**Q** 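Take this structure, written in C-alpha cells, and hold onto it; I'll ask about it next.
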2 protein chains.
Amino acid sequence: MSKFKIRVTKMQSYTEENYLKTIYHLSVISNPVQTNAIAERMQTKAASVTDMLKKLSEKELVDYVKYQGVTLTEKGKLAAINIVRKHRLWEVFLVEKLSFKWDEVHDVAEELEHIKSTLLIERLDEFLEFPKVDPHGDPIPDQHGNFADLAFVKLSKLKTNDKGTITGVSEHSSPFLKHLEKLGLTLGKKIEVSEILDFDGSVELSIDGNKINISREVAKHILISK
Amino acid sequence: MSKFKIRVTKMQSYTEENYLKTIYHLSVISNPVQTNAIAERMQTKAASVTDMLKKLSEKELVDYVKYQGVTLTEKGKLAAINIVRKHRLWEVFLVEKLSFKWDEVHDVAEELEHIKSTLLIERLDEFLEFPKVDPHGDPIPDQHGNFADLAFVKLSKLKTNDKGTITGVSEHSSPFLKHLEKLGLTLGKKIEVSEILDFDGSVELSIDGNKINISREVAKHILISK
DNA sequence: TTTTAAATTTAGACAAATCTAAAAATTATT
DNA sequence: AATAATTTTTAGATTTGTCTAAATTTAAAA
Ligand SMILES: [Mn+2]
Ligand SMILES: [Mn+2]
Ligand SMILES: [Mn+2]
Ligand SMILES: [Mn+2]
C-alpha cells in the first residue's frame, strides 16, 4: 500500500479550457474576476460558473474565494495562454493560407484552439514563419507563454493632429470588423486625427488622403501605435 | 397551438459523428453492422452502443432493427462520408504542409475531422489543390460525397512474378506504418513478387533492386494497383 | 428439439455540464 | 445601523454519454 496519493492531473476538457481563457481575458480588466462577468461573457448562468470554479479550484488552476471571485494560478495562467496561443496561430493560418477575412476567423479558431497536439501547433507556428501578431493585432505567445506587451493606445485617447498607425482592435465581432474594412481602417494604415467633434465626441481623421468620421464608440476599439 | 411538430434536426455531436464514421467503415465488411463490432472498434461497451443506435435511429441517420444490427440511411451515409472527407483532407494537410509522417497523422485528424465549418473545409481542399487520395492511399470524397472506387488488390493475393505499384494500406496503426517505412514499402513504389514461401506463406519481393521478405500478415494490408 | 452459448438489450447508476428557483452573503442606500 | 438591492451560491433537475449487472433474444450444439 502506497504512502502517497498519486494525483493524476487530468487534461483539461474543452469546456474547462474555455473557462480558463475567459478568466484570463477578464483578468486584464479586473482581478479577481467575478462570477457574473464570466457568466455574461460565456453566455451561461452564474450558477453554472460557480460549479466550474469549484472544479477548476480543485484542480489548482484557479484560486477561488467564495463570493469574492477567482484568480488564475501560475499553472492556470500557463494553460490559458497556451489556448490563446493556439487560437491566434489558427487565426493567422486561416487568413494567410486559406484567405479568410479577419471577421470570419473567430468562430472557427474557437474550435481549432482545442485540438490537443503539441507537434501540430509547433509545426503550424513554423509553417506560418513564427508570426508575432494575429489578424487583429493581438500578440502571439511563444511556447513558454512569453510575448511582448505591445504598446497600444486607444484611438479615442488621441488629440487633434495626433498621428499613428492602426495596429490592433479590441472588439472582434464580425459586424464591427466589416465596418472598419468598409471604411478602409485596417491594420497597418496610417491615420491622423483632424478634428474631434464637441457635441458627440466623434472623431474625424485623415486616411489615404481622405477624411472620414467615426463614432466615439468605434474609436474606442481601434488601437494605435507610435 | 400549432398543428405540426417542428422537427429541428440538430447537428451531430462529436460522439455521434464518430459512431457514424465507424458504422460507415464497418459497412464495407458486413451489412448490417453488428453491435459488438462497433463496440470493439470504438473501445466501448455493447450497452453504450445500443443506446447510441437508438438515438441515431431516432434522428433517422441509421436503420436499426433490434438484435439484427444497423445500416446507414442515405442521410447518415452522407454525414459519415463528410467526416471521412474532412479526416482525409486534414491528413493530407498534416503530411504535405506540416511535414508529419504518415504514421503520425491519424490521431490528430481524428480530432480535426469534427471542426464544423464548410468554408474551412472547402478552402482547405483548394489550398491542398484538390487531392484525390490521402497519405494512406484512401480516396477523398468530394463535397457531394462522390469518389472513385479505386481498384486495389491485396499484395497477399498476387502470384509469383506479378508486378504492381503500392497505392494503399488497409491498416493505419503507427507501428505497422513505421515498419513499412523501414522496409521502403511506401506509396508509389513498384514491386514484383519473386517468390511465395510454402511453409509460412511469406512473400519475397523485389523493390528498388533489392529483395525483401514480408510476412503474409503484412502482405494482407498492402494494396496494389495495376 | 432441447440445451447451451453468444450476442444484444434493459435497468439502474454515474460523471460532466448545464439550468431554474430559492437561500445566503455582500454591497449600497437610506 | 438597519434596510434594500445586487451578487453569488446551493439545492434539485436535466441532458449526454458512459458503465456494470441482469434479463432477453438469437444462434449453435448436442
Ligand atoms: Mn473555444
Ligand atoms: Mn484574434
Ligand atoms: Mn473523431
Ligand atoms: Mn488515412
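All of these numbers come straight from a predicted model, not from anything done at the bench. As a basis for the values below, the full set of heavy atoms in this structure was taken, side chains included, without hydrogen atoms, waters or symmetry mates. Naming: A, B, ... by sequence-line order, numbering from 1 per chain.
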**Q** Considering every strand and a 4.0 Å limit on heavy-atom distances, what is the contact class for A/Thr15: base, sugar-phosphate, or nothing?
**A** sugar-phosphate

**Q** Applying ring-ring contact (aromatic ring centres under 6.0 Å, His included), name anything that partners A/Phe93, two or more places apart in sequence or on another chain.
**A**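 Result, ring-ring contact (aromatic ring centres under 6.0 Å, His included) vs A/Phe93: A/Trp90, B/Phe93.
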
**Q** If you restrict it to nitrogen or oxygen atoms, what contacts under 3.5 Å exist between nucleotides 10-14 of chain D and the protein, and what is each distance?
**A**
residue: D/dT10; atom: OP1; partner: A/Lys66; partner atom: NZ; Å: 2.7
residue: D/dT10; atom: OP2; partner: A/Lys54; partner atom: NZ; Å: 2.9

**Q** Identify whether any heavy atom of A/Tyr19 sits under 4.0 Å from a base atom; if not, whether one sits that close to sugar-phosphate; answer base, sugar-phosphate or nothing.
**A**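 Sugar-phosphate contact only - A/Tyr19 comes under 4.0 Å of backbone atoms but never of a base.
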
**Q** How many whole angstroms separate atom CG of A/Leu53 from atom P of D/dT9?
**A** 7 Å

**Q** Can you measure A/Glu16 atom CD to C/dA15 atom C1' for me and round it to whole angstrom units?
**A** 12 Å

**Q** Is B/Lys116 positioned over the aromatic face of B/Tyr14, cation under 6.0 angstrom from the ring centre and no more than 45 degrees off axis?
**A** no

**Q** OP1 or OP2 of C/dA16 less than 4.0 angstrom from a side-chain nitrogen or oxygen of A/Ser13, does that happen here?
**A**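 Answer no for this pair, as no side-chain N or O of A/Ser13 is under 4.0 Å from OP1 or OP2.
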
**Q** Can you sort out which residues in residues 25-43 of chain B have a heavy atom within less than 4.0 Å of DNA chain C? Ascending by number, please.
**A** B/Gln34, B/Thr35, B/Asn36

**Q** May I ask you to check whether over 12 heavy atoms, not counting those of B/Lys77, lie within 6.0 Å of atom NZ?
**A** no

**Q** To the nearest angstrom, how far is B/Tyr67 atom OH from C/dT8 atom P?
**A** 10 Å

**Q** Roughly, in whole Å, what's the span from OH in B/Tyr14 to C1' in D/dT15?
**A** 20 Å

**Q** Mind checking what makes ring-ring contact (aromatic ring centres under 6.0 Å, His included) contact with B/Tyr67, not counting sequence neighbours?
**A**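 ring-ring contact (aromatic ring centres under 6.0 Å, His included) check on B/Tyr67 returns nothing, list empty.
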
**Q** D/dT15 C1' sits how many Å from B/Met52 CE, rounded?
**A**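 Computing the B/Met52:CE to D/dT15:C1' distance gives 12 Å.
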
**Q** I need the full list of salt bridge (Lys or Arg N to Asp or Glu O under 4.0 Å) pairs touching residues 98-107 of chain A, with sequence neighbours left out, sorted by first then second residue.
**A** A/Asp103-A/Lys178

**Q** Could you pull out all residues at least two apart from B/Glu96 that satisfy side-chain contact (heavy atoms from CB on, under 4.5 Å)?
**A**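 Only B/Val92 meet the side-chain contact (heavy atoms from CB on, under 4.5 Å) criterion with B/Glu96.
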
**Q** With a 3.5 Å cut-off and sequence neighbours excluded, list the donor-acceptor pairs that the side chains of residues 143-158 of chain B form with protein atoms.
**A**
none

**Q** Mind checking salt bridge (Lys or Arg N to Asp or Glu O under 4.0 Å) for A/Lys132 and listing every partner two or more places apart, or none if nothing turns up?
**A**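 Testing A/Lys132 for salt bridge (Lys or Arg N to Asp or Glu O under 4.0 Å), a comparison that skips the adjacent residues, returns none.
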
**Q** In this structure, how many angstroms lie between the C1' atom of D/dT16 and the CD atom of B/Glu17, rounded?
**A**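 Interatomic distance, CD of B/Glu17 to C1' of D/dT16: 15 Å.
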
**Q** Please set out all donor-acceptor pairs under 3.5 angstrom arising from side-chain atoms of residues 22-29 of chain A, sequence neighbours excluded.
**A**
residue: A/Thr22; atom: OG1; partner: A/Asn18; partner atom: O; Å: 2.9
residue: A/His25; atom: ND1; partner: A/Lys21; partner atom: O; Å: 3.4
residue: A/Ser27; atom: OG; partner: A/Ile23; partner atom: O; Å: 2.7

